[in-house]
Amino acid sequence: QVVLVESGGGLVQAGGSLRLSCTASGSTFSTWAMGWFRQAPGKEREFVAGISWFGGETDYTDSVKGRFTCSRENARNTLYLQMNSLKPEDTAVYFCAAGHTIDLYRVLTGRHEYDKWGQGTQVTVSS
């Protein structure tokens, strides 16, 4: 069993930066593929970024490529999402998620592939 807790959300002006963190407990963090999703009011939860077991592989939704960076520090059981050049359309609740895969190099991008979810952290970008 793994428990995920996000932090680092807040209010920022357009063009600004935030770094989200997700701390995992209760299981072997390094054996989970990890990801970030977001959900804006009235919209479906969408994939933002994902990272493989050892962190060598990442994937991003097109709208955040070049602006967001997903990384993990297995020794600290922590996942990060560095968000730069934020835009009002990035406003959402951001969730971290963990999913099992036997492939060390695989990035999970589908919501259904993730087994565990955090409670979410609000990110608001003002124009």
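Please read all numbers here as calculations on a predicted model, not as lab measurements.
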Quiz item: Can we say Arg38 and Glu44 salt-bridge, meaning some charged N sits less than 4.0 Å from an Asp/Glu carboxylate O?
Solution: no

Quiz item: Should Lys65 and Asp62 count as an ion pair when the cut-off is N to O under 4.0 Å?
Solution: yes

Any non-hydrogen side-chain atom of [X] less than 4.5 Å from a side-chain atom of [Y]?
X: Arg106; Y: Leu108; value: yes
X: Glu6; Y: Thr23; value: no
X: Cys70; Y: Leu79; value: yes
X: Asp103; Y: Trp53; value: no
X: Arg111; Y: Glu46; value: no
X: Leu18; Y: Leu86; value: yes

Would you say [Y] ends up clustered with [X] if hydrophobic residues are merged whenever their side chains have heavy atoms under 4.5 Å apart, either directly or through other cluster members?
X: Trp36; Y: Phe47; value: no
X: Val107; Y: Tyr60; value: no
X: Tyr114; Y: Tyr94; value: no
X: Leu20; Y: Phe68; value: yes
X: Leu81; Y: Ile51; value: yes

Exercise. Test side chain to side chain donor-acceptor pair (under 3.5 Å) on Asn84 and Ser17 and set out the steps.
Key: CA-CA 4 Å; Asn84 299 328; Ser17 298; 2.9 Å; yes

Please name the pair of heavy atoms, one in [X] and one in [Y], separated by the smallest distance, quoted to 0.1 Å.
X: Gly9; Y: Val123; result: CA-CG2, 4.2 Å
X: Cys96; Y: Leu4; result: SG-CB, 3.6 Å
X: Ala98; Y: Met34; result: CB-SD, 3.5 Å

Practice problem: Report yes if the distance between the aromatic ring centroids of Phe37 and Phe95 is under 6.0 Å, otherwise no. | Solution: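 Ring centroids of Phe37 and Phe95 are no less than 6.0 Å from each other.
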
Self-check item: Pair Arg72, Asn74: side-chain N/O donor-acceptor within cut-off below 3.5 Å
Solution: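 Yes, Asn74 and Arg72 have a side-chain donor paired with an acceptor closer than 3.5 Å.
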
Self-check item: Side-chain donor-acceptor contact under 3.5 Å, Glu73 with Tyr80
Solution: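 Indeed, the side chains of Glu73 and Tyr80 share at least one donor-acceptor pair under 3.5 Å.
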
Just how far is it from atom [atom1] of [X] to atom [atom2] of [Y], taken to the nearest 0.5 Å?
X: Lys116; Y: His100; atom1: NZ; atom2: NE2; answer: 8.5 Å
X: Gln13; Y: Ser127; atom1: CD; atom2: OG; answer: 9.5 Å
X: Glu57; Y: Asp59; atom1: CD; atom2: CG; answer: 10.5 Å

Quiz item: Checking Thr91 side chain against Glu89 main chain: does a donor-acceptor pair fall under 3.5 Å?
Solution: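 Not a single qualifying donor-acceptor pair exists.
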
Quiz prompt | Greater than 12 external heavy atoms within 6.0 Å of Lys43's NZ | solution =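 No, because the 6.0 Å sphere around NZ of Lys43 holds 12 heavy atoms or fewer from other groups.
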
Quiz prompt | Derivation of the side chain to side chain donor-acceptor pair (under 3.5 Å) call for Gln122 and Thr124 | solution = CA-CA 6 Å; Gln122 176 71 45; Thr124 303; 3.3 Å; yes

Quiz prompt | Axial cation check for Trp117 ring with Arg45, 6.0 Å and 45° limits | solution = yes

